[in-house]
Amino acid sequence: MDFDYSARTLELSGRLGAFMREEVAPRDAEWRALAQKGTFPLAVVDDLKRRARALGLWNLFLPSLREDQPGTRLTNLEYAPLAEITGRVPWSPEVFNCNSPDSGNMEILQLCATPEQRERWLNPLLGGAIRSCFSMTEPATASSDPTNLETTIARDGDSYRVRGRKWFSTGARHPNCRFSIVMGRSPSDEGRETHKRYSIIVVPFETQGLTIVRDVSIMNHHSPEGHCEIDFDVRVPAANILGQEGDGFTIAQARLGPGRIHHCMRTIGQCELALEMMVARAKTRIAFGSALAEYANIQDWIAQSRIEIDQARLLVLRAAWLMDKAGNKAARVDVSAIKVVAGRLQTRVLDRAIQVFGAAGLTEDTPLAYLWTWGRALRFIDGPDEVHLRTVARAELKKSVPSH
């Protein structure tokens, strides 16, 4: 087992790290000030996007990137450490065109788009000219079981009628959002096995009958790009279907595996930042005559955080390696495991860091409160912990038990 990053990964990590320090970090306060006013900081992001693309720090997440497509093609394992670096500034993945949900949508379109769909939707996404969202979760159903989805996609001549309500469609308020990829079921279920009743389809944002109902807050925090509730009562051309009718589950699963690697590595980057801040605070903050770092319980928190971060990173890198070696399906159980580990890791490490900072850790004076919130949200994003634990448990139960 070789635990060293490749020479290519190390070179890109150095370039990316320098860009984050010299270009992104100095713009962070400006980005946050605009976001707090309810304005998406488009000028900040677009300026940085141009610079990042010129340096080849573009579309780093897509192993299937072709020679005629913009960006730098990397494996999942090569990209994982880069996702960790960008995670330290939560809004920065868009600078490198590696942000969700666009990264997952690009993976879907790369996998199954027709030439016309590529031209209209994939190419502008790869170029960073537009953004998109993904609409799957529904407020009226337990969407952790996708077979509960009630949104319908019904063929009607040369078009499809899409009817239903979705929420947590991330990116729907972004000023450049141009379409949503929507998952729904056939209203006529007879004769089809359960998982072949679901399809995905592109719904352009200018379509009549698409209504953004509200921007849903996450633990009282509104993201400038939005996590929106959307009502669909639309008709779109039949050519907007992705793949074939009934391919929805297969395509969605192909999308989710790599995306979970990205989320988990960004989480690890945020945990590293929190640990650095915790250590710096503990060394300089005096209470009851001693620096906090001199107290045994604080030392325990620091040590536990170091150990847990390193454990999580190794588990995520192994999942990325397995995905590259054997495919997304072969890594399914490993990906479920890292999804559970990463979300729980973030809430633990951030909780310790907040405690070391005292009441200041609850304020906007540090990123800690927001990062804790995101860690808690991660335990639902791309599937709740319970679903992933179920996947891991089922894999264990299927293993043969030796007779005694």
Side-chain angles (χ1 to χ4, degrees), residues 12 16 24 45 48-49 52-53 56-66 69-113 117-118 121-136 168-172 174 176-183 200 202 223 225-227 242 251-270 316 319-320 323-324 328 331 335 338-339 342 374 377-378 381-383:
L12 280 168
L16 180 63
V24 175
V45 173
L48 291 170
K49 281 168 67 175
R53 184 170 178 175
L57 301 173
W58 193 258
N59 288 337
L60 305 167
F61 68 92
L62 192 58
S64 62
L65 196 72
R66 301 196 314 252
Q69 293 174 321
T72 300
R73 183 173 65 247
L74 300 172
T75 66
N76 289 296
L77 183 58
E78 287 173 328
Y79 174 59
L82 308 182
E84 176 178 340
I85 293 170
T86 62
R88 296 171 67 94
V89 180
W91 56 268
S92 73
E94 186 179 357
V95 170
F96 311 101
N97 216 42
C98 295
N99 51 290
S100 64
D102 295 299
S103 55
N105 288 349
M106 284 185 264
E107 288 181 79
I108 285 179
L109 292 166
Q110 184 84 328
L111 176 69
C112 64
Q117 291 168 345
R118 285 175 175 271
W121 296 305
L122 176 57
N123 292 345
L125 279 176
L126 287 169
I130 65 172
R131 279 204 62 178
S132 60
C133 62
F134 188 78
S135 299
M136 180 173 175
F168 294 105
S169 291
T170 298
H174 192 290
N176 290 340
C177 189
R178 296 295 180 265
F179 67 88
S180 178
I181 294 180
V182 182
M183 186 167 181
I200 57 175
V202 175
S223 295
E225 71 274 21
H227 303 292
L242 293 175
I251 295 171
Q253 284 304 312
R255 172 190 191 275
L256 288 172
R260 287 166 178 157
I261 298 279
H262 308 164
H263 276 312
C264 292
M265 288 304 290
R266 286 193 288 258
T267 280
I268 289 168
Q270 291 164 11
V316 178
M323 191 176 291
D324 289 334
N328 294 4
V335 168
I338 65 171
K339 183 63 174 48
W374 190 245
L378 193 62
I381 294 166
D382 285 352

Ignoring hydrogens, what is the shortest heavy-atom contact between [X] and [Y]? Give both atom names and the distance.
| X | Y | answer |
| --- | --- | --- |
| Val24 | Phe96 | CG2-CZ, 4.4 Å |
| Pro93 | Pro90 | CD-O, 3.3 Å |
| Leu12 | Leu82 | C-CD2, 3.9 Å |
| Tyr79 | Cys98 | OH-CB, 3.4 Å |
| Arg266 | Ser100 | NH2-OG, 4.1 Å |
| Gly71 | Asn59 | CA-CB, 4.1 Å |

Quick one: [atom1] on [X] to [atom2] on [Y], what's the gap to the nearest 0.5 Å?
| X | Y | atom1 | atom2 | result |
| --- | --- | --- | --- | --- |
| Arg118 | Leu126 | CZ | CG | 8.5 Å |
| Phe179 | Trp121 | CZ | CH2 | 7.5 Å |
| Leu125 | Ser103 | CG | OG | 10.0 Å |
| Arg260 | Ile338 | CZ | CD1 | 9.0 Å |

Next on the checklist: I'd like to know if the side chain of Asp382 reaches the main chain of Gly259, judged simply by a donor and an acceptor atom lying under 3.5 Å from each other, with no hydrogens or angles considered.
Outcome noted: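 Side chain of Asp382 to backbone of Gly259: no pair is present.
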Would you say the side chain of [Y] lies within less than 4.5 Å of the side chain of [X], judging by non-hydrogen atoms?
| X | Y | answer |
| --- | --- | --- |
| Ile381 | His263 | yes |
| Trp58 | Leu60 | no |
| Asn97 | Met106 | yes |

Checklist entry - Is the shortest distance from a Lys or Arg side-chain nitrogen in Glu225 or Arg131 to a carboxylate oxygen in the other one below 4.0 Å? => result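 Arg131 and Glu225: not salt-bridged.
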Checklist entry - Stepwise, does the side chain to side chain donor-acceptor pair (under 3.5 Å) test hold for Asp102 with Asn105? => result CA-CA 5 Å; Asp102 295 299; Asn105 288 349; 4.9 Å; no
Item to check | Residue pair Ser92, Thr86: steps toward the side chain to side chain donor-acceptor pair (under 3.5 Å) verdict | outcome: CA-CA 6 Å; Ser92 73; Thr86 62; 4.7 Å; no
Checklist entry - Hey, are Gln69 and Gln110 close enough side-chain-wise for a donor-acceptor pair under 3.5 Å? => result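 Short answer, yes.
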